[in-house]
Amino acid sequence: MHSSLRLFFVISILVFCITEDVFAQKANFFIKDIDIIADTSVTSLSVHGIHDRRRRGEITLPFYFEDIEQVFEVRVYLKNEEKITDLKLIHANDFKVIEEPLSVGDNVYRFKLQFVETTKNTKPSFVMNLWTIDGQEITYEQKLLPYTNTVVEIADKKISEVRELYIGEEKEYEILSNRRDNLRVDNIWHEQKDLSWRLFERDNKLYISVLPKFVNTFSTEILFETLIPNIINGKKKYETMPLALNFKVKAPRLTYLATDKNEIVYEGPKSNEEGIELQIQQNRKLQLEKTYRIENQEEKGGNLIAELFTKRNMSNNKTLCLLRVYDYHTLQDGYLYIKDGDDAKFITNFNIISKNIIESIEVLRPGRNWTSNLSVFPGETVSLKFSGKQMQHARYIFEGLSNRNIDSVNTTMEMQTMQISVPLNISQKELKIYNGNEFTGHSITITEKQSPKNFDFVTIDCGDGPRIVSQIEKPIFYPKAITDVILKFNTEEIDGLQLYGKQYITLDVRVIGPQGQLIELARDENIVICPGETSPRHFNYEKNNCTDPLVTLNKYLGIKTHRFEDWTKLEIYITHQKDKYSEQSYQKKIEIYASRRSQFDIDLSFPAGLLVKKANEDDISSGISGISISAIAQFKFFKPGTIGRVRPYRIGVGSIALNAFNLSDNEDIDRDLGIVALGSVHPLQRPGRKLSLPLYIGFGYFLKADTFFWMVGPGISVSF
């Protein structure tokens with residue numbers, strides 16, 4: 001029994017594996033090749049695909065990206081294309097679909113994608129569904145491997161310079177990279193033969209810190225780990241190209257004394273009256289109650305940066321000092337030398353930045369003028385101008401913002417300009433501005449985008465299917481009973497690559513009768529449509545005033561649409577509320593007519609001079625009749641594309657009293673009552689006119705004469 005169960009289990013696994021392999025082969029049976037096309041590169045599955053030995057038949061398609069928000073065109077080439085009827089792309093969190101798949105040839109489908117956070121989503125893929133002519137749906141998944149060219153360099157650009165280090169002293173260098181977000185910043189010490197190094201981030205900048213091990217002169221290469229691989233010599237490597245550095249390590253002739261502050265704010269000459277308290281590492285050669293000069297070079301005659309007065313030793317192995325500052329300094333400028341007179345005794349290093357005064361901040365958008373309104377939108381890139389005093393030494397950073405570019409050309413003592421890019425998915429309501437580690441008291445406000453969007457996200461349906469409002473250019477003629485008119489605001493189509501935000505809309509409705517009389521007015525000024533879940537800002541919008549995106553007009557009307565008389569007109573005005581926007585708003589007028597192809601009414605006419613031919617007579621013995629009377633139930637027909645304009649002909653059935661108004665006693669007068677089917681041709685007339693002079697033609701049956709007849713002739717018609 002147990003052996004039978006094991007056999008059944010093994011067979012089930014084999015069947016499952018074979019079935020899975022068959023489906024994979026079936027999908028591959030229709031896929032000939034896949035291209036990913038960027039601005040400067042094309043990668044093909046057949047040429048560049050990477051085969052996975054562990055997973056039989058699986059091929060990963062690599063592609064090169066230069067920008068995180070780059071849009072790629074994908075082309076899918078089919079084989080056995082005569083058996084494929086359609087191809088669809090399954091939407092996923094890995095990417096945004098810019099263009100849906102479209103057949104551009106006998107065997108080629110094209111679509112466009114924008115990958116989401118490429119450096120964080122290291123193994124994206126896309127899934128397609130193919131439909132065959134026999135109705136089968138086949139799923140195909142293409143695994144992808146994004147890669148880029150991540151380059152690093154030292155900020156000072158001195159590639160071949162021999163850099164001096166001292167044993168026991170940690171030295172920092174700023175690192176620049178074209179793909180900073182692709183670097184793995186772990187702040188962990190990495191060991192090499194001659195030095196230790198670590199990569200870390202401070203004040204939204206990258207630094208490498210090195211610590212030498214031996215007195216030596218050497219060259220080394222440092223490789224930084226990446227999140228997305230580089231393709232080097234045809235192989236993927238999760239590391240950068242080597243950063244080559246040259247060092248000369250010296251013995252610690254001068255002792256390095258570390259301070260408790262890496263940054264000193266210099267507030268001008270007045271700050272020296274009391275001095276700035278500073279704790280420096282204790283050393284037996286550092287004398288108490290003594291003033292030392294701090295200069296920027298070891299040799300005599302260096303620039304005086306500050307004076308250090310030693311007060312007393314503390315229990316934490318630090319010496320409490322007073323620092324009086326005279327000039328600015330950064331760590332990248334080199335060491336600071338603590339001197340007794342002209343003789344250097346110790347070395348140290350720290351930043352001295354200015355106490356700048358911000359008098360004004362202005363914002364510049366492309367194509368606009370500078371403005372003092374400090375509101376920016378998510379996803380926006382703007383220029384900022386700081387005006388005030390001591391701007392040349394200020395280092396402005398923004399809380400929660402990493403992307404900023406300082407315009408050093410336009411930096412002066414009175415002004416500093418820079419460019420910032422606000423992330424599309426930022427969750428903060430403001431960006432606090434810091435000068436180094438100190439809050440300046442100024443902030444940039446994050447304001448949700450609020451622009452009027454053309455009404456391509458609105459559809460209207462009066463019974464014949466939804467129509468896009470922005471594309472309606474002509475009146476809508478609906479020949480059936482209008483049960484209701486439905487306005488639908490498609491919230492998922494408001495925000496995309498461009499943000500628009502909430503849509504504040506006023507709806508006006510007018511009902512106008514067939515004679516042009518105003519029947520009813522309705523208005524709603526409180527329609528607020530919020531972008532849907534596909535919006536990158538969906539969770540940041542306040543939704544307390546959002547209204548239902550589905551609006552039925554009958555809820556506004558006393559006379560419901562299904563009770564409209566023939567040719568009643570419904571005027572709908574959809575308008576953006578101008579007071580909510582600073583830009584040009586949109587207005588759309590839609591006209592819907594309760595049109596009819598035909599209309600039934602009763603026609604009372606007085607035919608005279610009718611030429612009557614009876615079926616039982618060989619000649620027209622009846623001759624020309626006198627004044628008769630007829631009552632006809634008839635249909636009249638309307639001209640397509642016109643409003644209430646009838647065609648000149650009508651048809652109907654009814655009765656006719658021949659010679660009804662001839663009261664003579666002459667026995668030759670032919671009086672009779674007939675049942676008749678008549679067609680009439682009316683002269684052109686204005687709508688609403690009751691009296692006309694038609695021409696009749698028809699046939700019928702006389703009850704008295706008991707015979708069929710036909711007739712033709714003019715008459716006087718009265719409609720009601």
Side-chain angles (χ1 to χ4, degrees), residues 66-71 96 114 116-117 176-181 203-205 356-436 438-453 494-502 531 535-542 580-585:
E66 295 181 352
D67 185 8
I68 293 178
E69 298 183 353
Q70 188 173 353
V71 175
K96 296 179 182 177
Q114 182 185 43
V116 178
E117 295 184 332
L176 301 179
S177 175
N178 64 329
R179 300 283 183 272
R180 176 177 164 179
D181 53 348
D203 297 338
N204 293 317
K205 292 183 178 181
N356 71 307
I357 300 174
I358 299 176
E359 295 177 349
S360 67
I361 305 176
E362 293 180 288
V363 176
L364 178 65
R365 292 180 171 85
R368 304 285 185 87
N369 295 323
W370 289 100
T371 175
S372 57
N373 183 0
L374 302 183
S375 296
V376 297
F377 304 120
E380 187 176 31
T381 297
V382 298
S383 296
L384 294 177
K385 179 168 65 176
F386 294 84
S387 300
K389 299 178 181 178
Q390 301 296 329
M391 289 291 155
Q392 75 277 22
H393 294 292
R395 295 191 301 110
Y396 295 118
I397 59 176
F398 301 81
E399 183 181 33
L401 194 65
S402 59
N403 194 350
R404 67 185 182 104
N405 296 314
I406 299 175
D407 186 359
S408 58
V409 176
N410 292 325
T411 297
T412 64
M413 293 181 63
E414 293 79 24
M415 181 186 67
Q416 184 176 136
T417 61
M418 66 180 61
Q419 190 178 73
I420 64 171
S421 296
V422 183
L424 196 63
N425 59 351
I426 189 168
S427 59
Q428 300 165 233
K429 294 300 182 183
E430 65 174 4
L431 301 173
K432 292 184 177 179
I433 304 174
Y434 290 83
N435 181 16
E438 182 181 3
F439 178 49
T440 63
H442 297 273
S443 300
I444 302 295
T445 304
I446 303 297
T447 303
E448 297 301 337
K449 187 69 173 177
Q450 195 164 303
S451 295
K453 181 175 174 59
I494 298 176
D495 282 351
L497 295 178
Q498 183 176 353
L499 297 180
Y500 289 91
K502 291 183 178 181
S535 167
R537 302 294 301 166
H538 172 71
F539 296 104
N540 300 95
Y541 292 124
E542 294 183 4
K580 299 292 185 181
Y581 303 100
S582 59
E583 306 171 40
Q584 175 101 22
S585 58

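Just so you know, residue 1 is the first one in the sequence shown, and it goes up from there. As the structure is a computational prediction, the values presented were derived from the model and not from experiment.
Sorted by first and then second residue, the salt bridge (Lys or Arg N to Asp or Glu O under 4.0 Å) pairs involving residues 411-429 (not counting sequence neighbours) are Lys429-Glu448. A salt bridge (Lys or Arg N to Asp or Glu O under 4.0 Å) check over residues 373-395, counting only residues at least two apart or in different chains, returns the pairs Asp203-Arg395, Glu263-Arg395, Glu362-Lys385, Arg365-Glu380.
Partners of Glu583 according to the side-chain hydrogen bond (donor to acceptor under 3.5 Å, both in side chains) rule, which considers only residues two or more places apart in sequence or in another chain, are Ser451. Residues that satisfy the side-chain contact (heavy atoms from CB on, under 4.5 Å) test with Thr440, not counting sequence neighbours, are Ile358, Tyr396, Ile433, Asn435, His442. Partners of Lys502 by side-chain hydrogen bond (donor to acceptor under 3.5 Å, both in side chains), not counting sequence neighbours, listed by chain and number: Asn545. Judged as a side-chain hydrogen bond (donor to acceptor under 3.5 Å, both in side chains), and not counting sequence neighbours, Ser585 has no contacts. Remark: Leu374 pairs with Ile361, Val363, Ile444 by the side-chain contact (heavy atoms from CB on, under 4.5 Å) rule, at least two apart or across chains. Lys432 meets the side-chain contact (heavy atoms from CB on, under 4.5 Å) test with Glu399, Glu430, Tyr434, Phe439, Ser443; sequence neighbours excluded. Under the ring pair (Phe, Tyr, Trp, His ring centres under 6.0 Å) criterion, Tyr541 pairs with no residue at all, not counting sequence neighbours. For Asn373, the side-chain hydrogen bond (donor to acceptor under 3.5 Å, both in side chains) partners two or more places apart in sequence, or in a different chain, are Ser375. Under the rule for a salt bridge (Lys or Arg N to Asp or Glu O under 4.0 Å), the partners of Glu438 that lie at least two apart in sequence or sit in another chain are Lys355. Under the rule for a side-chain contact (heavy atoms from CB on, under 4.5 Å), the partners of Lys453 that lie at least two apart in sequence or sit in another chain are Asp456, Phe457, Ile494, Tyr500, Gln503.
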